There are 2 protein chains.
Amino acid sequence: MTEVAREPLGRGKHARRRVLEAALEVLAADGMPGFSMESVARRAGASKATLYRHWSSPSALLVDAMDAQFRPLPEVDTGDLRADLVTLLTAFASALSGSPFPTLMAAFTDAAERDPALGDLHAELTRRRREPLLRLLAEAVERGELVGDTDPELVVDLLAAPFFYRRLIAHQEMPADMPAAVVDLVLASVRLGTPR
Amino acid sequence: MTEVAREPLGRGKHARRRVLEAALEVLAADGMPGFSMESVARRAGASKATLYRHWSSPSALLVDAMDAQFRPLPEVDTGDLRADLVTLLTAFASALSGSPFPTLMAAFTDAAERDPALGDLHAELTRRRREPLLRLLAEAVERGELVGDTDPELVVDLLAAPFFYRRLIAHQEMPADMPAAVVDLVLASVRLGTPR
DNA sequence: TGACAACGAGACGCAACCGTATCGGTAGGC
DNA sequence: GCCTACCGATACGGTTGCGTCTCGTTGTCA
């Protein structure tokens with residue numbers, strides 16, 4: 001018998017995918033207070049038994065759902081640091097303006113404060129989201145475009161953080177030229193040979 | 001009869017204060033999912049009737065509680081822009097490292113996404129928190145220390161946002177020299193006559 | 001010291017979610 | 001075209017919060 005531990009197949013997969021999508025819909029709509037196995041099952045048109053068959057707890061379900069939803073920023077590398085950064089941050093700002101993502105982020109951030117598994121995943125997804133920015137900066141350092149003691153991690157913080165902050169904390173608008181303004185302000189202090 | 005509309009007096013005030021404190025304790029401990037009139041009353045050692053006497057809904061209670069808890073950053077103005085900014089951001093980073101505040105922020109940020117009254121208060125409290133930073137920058141502009149087209153609001157974003165981001169989103173540590181590093185990086189691009 | 005407003009305690013019926021169990025139905029592999 | 005693993009539906013008792021109500025108590029001010 002060459003049977004191996006088998007993934008749930010056929011209909012199983014469909015149910016699983018439907019539930020993961022429904023989980024994020026519920027989370028975006030009602031936040032953690034409304035996130036229950038019962039409500040997710042209802043929205044997915046699935047049985048509670050099915051949910052418990054796949055996930056032992058709401059937390060486990062949420063980990064899977066958020067992980068499945070993650071989409072990395074596009075990889076761009078034209079060699080023009082400023083242009084590439086503006087492209088990435090514009091894509092990011094646009095995601096943060098679109099509807100479900102920021103609301104999901106808020107709910108997930110709260111949940112991550114109290115559940116270690118969610119906290120770890122939150123950190124990991126953030127790390128993956130930072131990667132394209134980090135790579136661009138690392139290459140610029142390589143090329144000798146940036147001042148010697150530049151801390152790429154800190155620079156990524158300064159580039160990415162204001163967008164979260166404006167949307168989730170300050171509840172202010174994000175003008176279309178904000179990515180360019182942020183990039184210019186940050187690059188002015190780390191790029192060699194920039195006139196002031 | 002010179003009787004005016006009377007504040008709840010004596011014992012009333014004590015109960016009110018106790019409930020507001022308990023509300024934040026519950027919120028920090030269990031987040032929005034655990035935030036109920038019932039659980040707050042329990043922790044405050046108060047009757048549910050008392051809560052409903054003062055607040056018509058959990059949302060109204062939360063607005064009062066968050067508003068009462070707000071502590072502005074200290075006002076500092078030695079005339080040394082860099083030193084003052086570092087002082088303020090160090091105080092801020094310390095608050096974000098201490099226990100209840102960031103957890104409260106996460107819960108409140110999530111709640112503010114779904115409740116307009118909380119959203120307005122969130123924006124207002126953020127505005128008040130930004131004020132000391134904004135004032136320092138405005139005075140520096142006045143003194144002609146910064147480049148002409150500096151956008152003080154954006155600069156405040158860049159100064160404040162990374163601390164929220166590191167603690168709540170990236171779940172990374174905040175080294176003791178982070179405030180100075182952020183200030184130096186930002187000032188390098190907006191301050192006149194800074195050597196690079 | 002007396003009167004009274006605010007209080008704590010807790011009971012009420014209602015609704016939601018919990019986690020588990022048991023069905024008959026159905027889609028997909030053989 | 002059968003077989004079976006997976007599925008949706010539904011019922012269950014238990015728990016928790018809801019919002020309202022009624023008590024008996026207690027602190028405070030006149």
Side-chain angles (χ1 to χ4, degrees), chain A residues 1-27 29-65 107 110-111 114-115 117, chain B residues 1-27 29-65 107 110-111 114-115 117:
Chain A
M1 210 195 280
T2 52
E3 273 290 282
V4 287
R6 40 166 61 198
E7 280 294 304
L9 34 81
R11 191 155 115 175
K13 269 183 183 157
H14 297 163
R16 189 185 153 86
R17 194 170 42 74
R18 253 172 40 231
V19 170
L20 290 177
E21 283 170 12
L24 295 183
E25 291 170 16
V26 169
L27 188 63
D30 302 329
M32 286 306 291
F35 189 84
S36 68
M37 296 298 239
E38 194 109 25
S39 62
V40 172
R42 207 181 307 130
R43 180 176 295 237
S47 161
K48 278 199 293 173
T50 300
L51 268 72
Y52 281 103
R53 232 172 264 135
H54 286 286
W55 302 277
S56 62
S57 67
S59 158
L61 167 56
L62 192 47
V63 165
D64 266 16
D110 180 36
R114 265 164 229 91
D115 186 318
Chain B
M1 212 194 281
T2 51
E3 227 14 44
V4 287
R6 40 167 58 198
E7 280 293 305
L9 33 81
R11 191 155 116 174
K13 272 184 181 154
H14 297 164
R16 190 184 152 85
R17 194 169 41 74
R18 252 172 40 230
V19 169
L20 290 177
E21 283 171 11
L24 295 183
E25 290 170 15
V26 169
L27 188 64
D30 302 329
M32 285 305 292
F35 189 83
S36 68
M37 294 299 239
E38 195 110 22
S39 63
V40 172
R42 206 181 308 128
R43 179 176 296 236
S47 162
K48 275 200 293 173
T50 300
L51 269 72
Y52 281 101
R53 233 171 261 138
H54 286 286
W55 302 276
S56 62
S57 67
S59 159
L61 167 57
L62 192 47
V63 165
D64 265 18
D110 181 34
R114 265 162 228 93
D115 185 320

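Convention: sequence-line order gives letters A, B, ...; per-chain numbering from 1. The structure presented is a predicted model; accordingly, all values stated were derived computationally and were not measured.
Near-neighbour residues of DNA chain C inside residues 34-44 of chain A, defined by a heavy atom below 4.0 Å, number-ordered: Ser36(A), Met37(A), Glu38(A), Arg42(A).
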Going by atom type alone, with no hydrogens or angles, which donor-acceptor pairs under 3.5 Å involve a side-chain atom of residues 34-41 of chain B and a protein atom two or more places apart or on another chain?
| unit_1 | atom_1 | unit_2 | atom_2 | d |
| --- | --- | --- | --- | --- |
| Ser36(B) | OG | Ser39(B) | N | 3.0 |
| Ser36(B) | OG | Ser39(B) | OG | 3.1 |
| Glu38(B) | OE1 | Lys48(B) | NZ | 3.4 |
| Ser39(B) | OG | Gly34(B) | O | 2.9 |
| Ser39(B) | OG | Ser36(B) | N | 3.2 |
| Ser39(B) | OG | Ser36(B) | O | 3.1 |

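The line from CZ of Arg18(B) to NE2 of His14(B) is 9.5 Å long, rounded to the nearest 0.5 Å. Remark: Leu51(B) CG to Ser57(B) OG distance equals 11.0 Å, nearest 0.5 Å. To the nearest 0.5 Å, the span separating CG on Asp110(B) from CE on Met32(B) amounts to 7.5 Å.
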Given Arg42(A) and Val26(A), is the side chain to side chain contact (heavy atoms under 4.5 Å, CB included) satisfied, shown in steps?
CA-CA 10 Å; Arg42(A) 207 181 307 130; Val26(A) 169; over 6 Å; no
Between Asp64(A) and Arg16(A), is a side chain to side chain contact (heavy atoms under 4.5 Å, CB included) present by the stated rule, with each step listed?
CA-CA 10 Å; Asp64(A) 266 16; Arg16(A) 189 185 153 86; 3.1 Å; yes
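With dC7(D), dC18(C), dG8(C) as the candidates, the nucleotide lying closest to the side chain of Ala15(A) is dC7(D). Picking from dC18(C), dG8(D), dA9(C) the nucleotide with the shortest atom distance to the side chain of Tyr52(A) gives dC18(C).
The NE2-C1' distance, from His14(A) to dG28(C), rounds to 11 Å in whole Å. Taking atom CG on Leu61(A) and atom P on dG19(C), their separation rounds to 12 Å, with Å as the unit. At whole-Å resolution of the value, CG in Leu51(B) and P in dG10(C) are 16 Å apart. Rounding to whole angstrom units, CZ of residue Arg17(B) and P of dC7(C) are separated by 13 Å.
At least one side-chain nitrogen or oxygen of Arg53(B) sits closer than 4.0 Å to the OP1 or OP2 atom of dC7(C). Considering only side-chain N and O atoms, Thr50(B) lies under 4.0 angstrom from the phosphate OP1 or OP2 of dG8(C). At dC7(C), one or more side-chain N or O atoms of His54(B) fall inside 4.0 Å of OP1 or OP2 (strictly under the cut-off).
Comparing the start and finish of the helix from dT1(C)-dA30(D) to dA27(C)-dT4(D), five pairs each, the helix axis swings through 40°, to the nearest 10 degrees.
Smallest separation of non-hydrogen atoms from Ala65(A) and Leu24(A): O-CD1, 3.7 Å. Taking both residues in full, the closest heavy atoms of Asp115(B) and Ala117(B) are given as OD1-N, 2.9 Å, listed atom of the first, atom of the second, then distance. For Arg43(B) against Ala22(B), the heavy-atom pair with the smallest separation is CD-O, 3.9 Å.
The base of dG8(D) does not come close enough to the side chain of Lys48(A) for any donor and acceptor atom to sit less than 3.5 Å apart.
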